[in-house]
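For reference, the structure discussed in these notes is given below.
It should be emphasised that the depicted structure is a prediction, and the values quoted were computed from it without experimental measurement. Convention: sequence-line order gives letters A, B, ...; per-chain numbering from 1.
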Amino acid sequence: MQATGKFVIESMDLDNAGNASSTIKKMLTEAGVSKSIIKRVSIAIYEAEINVVIHSYGGTCTYYIDDEKIRVVFEDTGPGIEDIEQALEPGFSTANNQAITYGFGAGMGLMNIKNASDEFDITSSHLGTTLDIKIYFN
Amino acid sequence: MTINKIVEVIRGKELTPPIKPANFELKYAFSGDLMSDALMVLREAPEGFCEAGILITGNVTMQSIRTAEMLDFAAILITRGKVPTKQVLDQAYNSGIIVLGTNDVSFTVCGKLYSAGIKGLSDL
Ligand SMILES: Nc1ncnc2c1ncn2[C@@H]1O[C@H](COP(=O)(O)OP(=O)(O)O)[C@@H](O)[C@H]1O
Ligand SMILES: [Mg+2]
């Protein structure tokens with residue numbers, strides 16, 4: 001399989017958040033990828049999509065699927081993460097009340113994304129954050 | 001346990017039109033209001049847990065449905081009499097997720113379902 005595409009993610013649009021993850025999940029299901037891999041991919045990209053929604057000014061999600069893996073890159077336009085090591089710690093969160101109302105802001109997202117991924121790379125400045133993850137199908 | 005039996009045990013309501021056949025059995029449940037917690041704890045749940053499972057939550061937003069979808073939950077049970085919007089119910093229905101509702105708080109409904117034989121992660 002060979003597929004690539006891009007989604008725009010709007011800041012604080014909590015009623016539509018999850019659209020990118022849901023679409024990618026359906027594609028992998030149709031392609032016959034194993035259930036346990038799809039679950040890892042879905043969880044990782046959903047938490048990442050939510051982070052762009054609740055913590056950034058907005059951004060994009062680009063996916064690249066080939067026979068052996070999926071790579072998903074989330075890019076946003078700021079305000080960035082001041083201390084990535086601290087952000088990765090379980091329980092650390094700067095989420096606002098609206099995010100909490102929707103069930104997020106427990107400070108476990110980044111760690112869960114990292115654990116669910118085979119490769120995990122995050123860079124950030126005040127101009128934005130880029131999260132680049134890969135999950136292999138075998 | 002069938003959906004009808006569960007609705008009877010919790011004295012609740014099925015809020016989505018029927019999605020599964022009447023003999024479809026639910027066996028497991030997980031309860032929580034923090035979606036990230038469910039997403040973390042259930043990432044490595046035994047295969048089939050969520051597929052025959054109910055997410056019991058007081059969170060009645062689009063994101064509780066999305067979370068159930070990402071985890072492949074068969075059903076979601078909304079507690080404390082909260083009423084999902086039509087948008088939330090449509091989203092669930094389109095994702096094949098049964099939505100149940102009860103006036104009980106999560107603690108009480110968990111107790112009722114556990115007594116009736118529904119199992120949790122730590123029972124497996
Ligand atoms: N895309 C992002 N832009 C800015 N800050 C972010 C982004 N993603 C994560 N963060 C920061 O890292 C923290 C931890 O993220 P996470 O572990 O997902 O927990 P949560 O989303 O529940 O706060 C967030 O509270 C936020 O401060
Ligand atoms: Mg997060």
Side-chain angles (χ1 to χ4, degrees), chain A residues 9-10 12-26 28-29 33-51 53-55 87-88 90-93 95 97-117 135, chain B residues 28 30-53 55-74 76-80 82-97 99 106 121 124:
Chain A
I9 305 172
E10 306 282 349
M12 287 322 280
D13 185 10
L14 277 157
D15 282 327
N16 291 305
N19 184 41
S21 315
S22 176
T23 307
I24 295 171
K25 181 175 195 275
K26 286 190 187 108
L28 296 180
T29 305
V33 174
S34 88
K35 277 198 117 180
S36 63
I37 298 284
I38 293 178
K39 197 162 279 189
R40 272 169 57 206
V41 173
S42 306
I43 289 169
I45 64 181
Y46 177 53
E47 280 282 10
E49 185 177 355
I50 292 286
N51 275 356
V53 173
I54 67 178
H55 299 301
L88 274 159
F92 175 83
S93 178
N97 274 332
Q98 200 191 341
I100 292 167
T101 304
Y102 279 76
F104 288 88
M108 299 187 293
L110 282 176
M111 194 195 59
N112 202 12
I113 297 166
K114 190 175 182 189
N115 290 337
S117 305
I135 293 176
Chain B
Y28 311 108
F30 180 87
S31 163
D33 294 342
L34 289 172
M35 296 302 116
S36 284
D37 197 41
L39 290 162
M40 189 180 69
V41 174
L42 297 169
R43 197 184 73 231
E44 313 241 290
E47 229 180 292
F49 182 89
C50 297
E51 289 77 358
L55 177 61
I56 301 172
T57 182
N59 183 322
V60 64
T61 68
M62 280 305 255
Q63 297 313 322
S64 54
I65 305 299
R66 286 291 193 201
T67 299
E69 178 191 349
M70 296 306 149
L71 290 167
D72 293 318
F73 268 106
I76 178 163
L77 168 53
I78 307 291
T79 60
R80 287 204 278 142
K82 292 184 185 174
V83 183
T85 61
K86 184 175 182 307
Q87 190 196 12
V88 166
L89 288 176
D90 286 349
Q91 175 72 33
Y93 184 75
N94 291 332
S95 307
I97 298 163
V99 183
S106 291
L121 254 191
L124 299 182

> Is it the side chain or the backbone of B/S95 that comes within 4.5 Å of chain A heavy atoms, both, or neither?
Replying inline: neither
> Listed by chain and number, what are the side chain to side chain donor-acceptor pair (under 3.5 Å) partners of B/N94, not counting sequence neighbours?
Replying inline: none
>> Quick check on B/L71 against chain A: is it the side chain, the backbone, both or neither that has a heavy atom closer than 4.5 Å?
In response: both
> Where does B/D37 contact chain A at under 4.5 Å (heavy atoms): side chain, backbone, both or neither?
Replying inline: both
>> Regarding A/N19 and A/N16, do their side chains bring together a donor and an acceptor under 3.5 Å, going by distance alone?
In response: no
> For chain A, which residues of residues 83-93 of chain B have at least one non-hydrogen atom nearer than 4.5 Å to it?
Replying inline: B/Q87
>> Below 4.5 Å, heavy-atom pairs only: which of B/L42, B/V60, B/T57, B/D72 has the largest tally toward chain A?
In response: B/D72
> What part of A/I50 gets closer than 4.5 Å to chain B, counting heavy atoms only: side chain, backbone, both or neither?
Replying inline: side chain
>> Let's test your reading of the structure: which of B/E69, B/E44, B/Q63 forms the most heavy-atom pairs below 4.5 Å with chain A?
In response: B/Q63
>> Suppose we screen for ring pair (Phe, Tyr, Trp, His ring centres under 6.0 Å). Which residues come up paired with B/F30, at least two apart in sequence or across chains?
In response: none
>> Taking every non-hydrogen pair under 4.5 Å, which of B/M35, B/M62, B/E51, B/M70 racks up the most with chain A?
In response: B/M70
> Under 3.5 Å, is there a donor-acceptor pair between the side chain of B/K82 and the main chain of B/G58?
Replying inline: yes
> What residue, out of A/G109, A/S22, A/G105, A/G107, has the most heavy-atom pairs lying under 4.5 Å from chain B?
Replying inline: A/S22
> Do A/K39 and B/E47 sit within salt-bridge range, that is, some charged N less than 4.0 Å from a carboxylate O?
Replying inline: no
> Under 4.5 Å between any side-chain heavy atoms of B/T61 and A/L14, yes or no?
Replying inline: no
> Does B/D33 reach the main-chain N or O of A/G103 with its side chain, forming a donor-acceptor pair under 3.5 Å?
Replying inline: no
>> If you count heavy atoms of other groups shown closer than 6.0 angstrom to CZ of B/R80, is the number above 12?
In response: no
>> Please enumerate all residues that pass ring pair (Phe, Tyr, Trp, His ring centres under 6.0 Å) together with A/F104, with sequence neighbours excluded.
In response: A/Y46
>> Only pairs of heavy atoms separated by less than 4.5 Å count here; which of A/A116, A/A17, A/A106 has the most with chain B?
In response: A/A17
> Are A/T29 and A/K25 close enough that a side-chain donor and a side-chain acceptor fall under 3.5 Å?
Replying inline: no
